[in-house]
Amino acid sequence: MYQRILVATDGSKLSKKAVDDAIALAASLGAELIALKVVPRYPQSYFEGSIPLSAEDVARVEQHWADDGHEVVEAVKRAGAAKGVKVKPIIARADVVSDALIAAARKHKADLIVMASHGRKGVKRLLLGSETQQVLTHSEIPVLVLR
């Protein structure tokens with residue numbers, strides 16, 4: 001059925017549920033799992049009154065975010081290995097999480113995306129946005145959403 005499953009994680013308690021379920025699904029299907037953490041780029045536009053950082057400081061901040069991201073996906077790799085699932089940990093640097101998820105799924109030839117959703121409704125969803133909704137709307141492959 002599914003040979004390559006991409007699971008999106010940010011290391012949060014909510015995304016851990018998606019990771020656990022994706023590992024279980026991959027184990028039951030004999031599928032490979034791709035663990036993806038999207039790391040933001042440091043904002044390059046500065047608001048009035050803010051203190052811009054030097055290029056070295058920006059690089060240091062971005063490296064710190066990448067290092068944290070690597071820890072998150074390596075934890076998924078270890079959890080997968082404990083269940084006999086091969087996990088490919090990857091980091092994507094992007095400003096828009098949903099675009100990065102879809103691009104990574106395409107690049108790594110995933111045939112399913114697994115992700116968690118807060119299940120926000122109404123004004124909260126409008127104000128906070130929904131990466132999950134964007135992935136559901138724009139993905140060309142199936143998306144399994146866990147609440």
Side-chain angles (χ1 to χ4, degrees), residues 2-27 29 31-83 85-120 124-147:
Y2 299 113
Q3 300 299 312
R4 194 168 292 118
I5 300 169
L6 184 141
V7 63
T9 183
D10 61 8
S12 69
K13 184 177 180 181
L14 180 62
S15 72
K16 184 170 178 356
K17 178 180 176 20
V19 166
D20 292 344
D21 286 358
I23 290 171
L25 180 60
L29 297 173
E32 176 185 357
L33 192 64
I34 302 159
L36 172 67
K37 167 74 167 104
V38 179
V39 178
R41 292 187 174 104
Y42 191 83
Q44 295 299 314
S45 62
Y46 300 107
F47 298 100
E48 187 175 329
S50 69
I51 301 171
L53 295 178
S54 69
E56 295 82 22
D57 287 338
V58 168
R60 186 177 40 79
V61 168
E62 287 183 332
Q63 186 60 50
H64 175 72
W65 289 342
D67 291 345
D68 286 348
H70 283 290
E71 288 179 27
V72 168
V73 293
E74 287 297 327
V76 176
K77 184 176 180 178
R78 289 189 298 274
K83 302 284 183 172
V85 175
K86 179 183 174 190
V87 178
K88 180 178 186 175
I90 60 171
I91 301 292
R93 291 181 190 255
D95 296 322
V96 181
V97 173
S98 57
D99 290 348
L101 287 172
I102 293 168
R106 191 176 300 122
K107 178 180 178 181
H108 295 279
K109 297 180 177 50
D111 42 23
L112 177 68
I113 297 172
V114 177
M115 60 190 306
S117 174
H118 287 93
R120 293 186 183 106
K124 283 185 180 178
R125 183 167 155 233
L126 282 173
L127 293 175
L128 298 174
S130 172
E131 297 296 340
T132 304
Q133 182 64 38
Q134 291 298 314
V135 173
L136 283 169
T137 303
H138 296 97
S139 177
E140 297 172 358
I141 65 169
V143 180
L144 174 60
V145 179
L146 303 164
R147 292 180 92 181

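No hydrogens, no waters, no symmetry mates; every other heavy atom, side chains included, goes into these values.
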Using every non-hydrogen atom in the two residues, find where [X] and [Y] come nearest and quote the distance to one decimal.
X	Y	result
Val85	Ala31	CG1-O, 3.9 Å
Ala18	Val114	O-CG1, 3.8 Å
Ile141	Ala105	CD1-CB, 3.9 Å
Ile5	Asp111	N-OD1, 4.4 Å

Any non-hydrogen side-chain atom of Leu112 less than 4.5 Å from a side-chain atom of Leu25? yes
Residue pair Ile113 / Leu6, side-chain heavy-atom distance below 4.5 Å: yes
Just by distance, do the side chain of Thr132 and the backbone of Ala116 share a donor-acceptor pair under 3.5 Å? yes
What's the spacing between [X] [atom1] and [Y] [atom2] if we round to 0.5 Å?
X	Y	atom1	atom2	answer
Lys86	Glu32	NZ	CD	4.5 Å
Asp21	Met115	CG	CE	14.0 Å
Asp99	His138	CG	NE2	8.0 Å

Residue pair Leu101, Glu131: steps toward the side chain to side chain contact (heavy atoms under 4.5 Å, CB included) verdict: CA-CA 9 Å; Leu101 287 172; Glu131 297 296 340; 5.6 Å; no
Lys/Arg-Asp/Glu bridge criterion (N-O < 4.0 Å) met for Asp20, Lys17: no
Anything under 3.5 Å between a donor and an acceptor, one on a side chain of residues 67-83, the other on a protein residue two or more places apart or in another chain? List them.
from: Asp67; atom 1: OD1; to: Gln63; atom 2: NE2; distance (Å): 2.8
from: Asp68; atom 1: OD2; to: His64; atom 2: NE2; distance (Å): 3.2

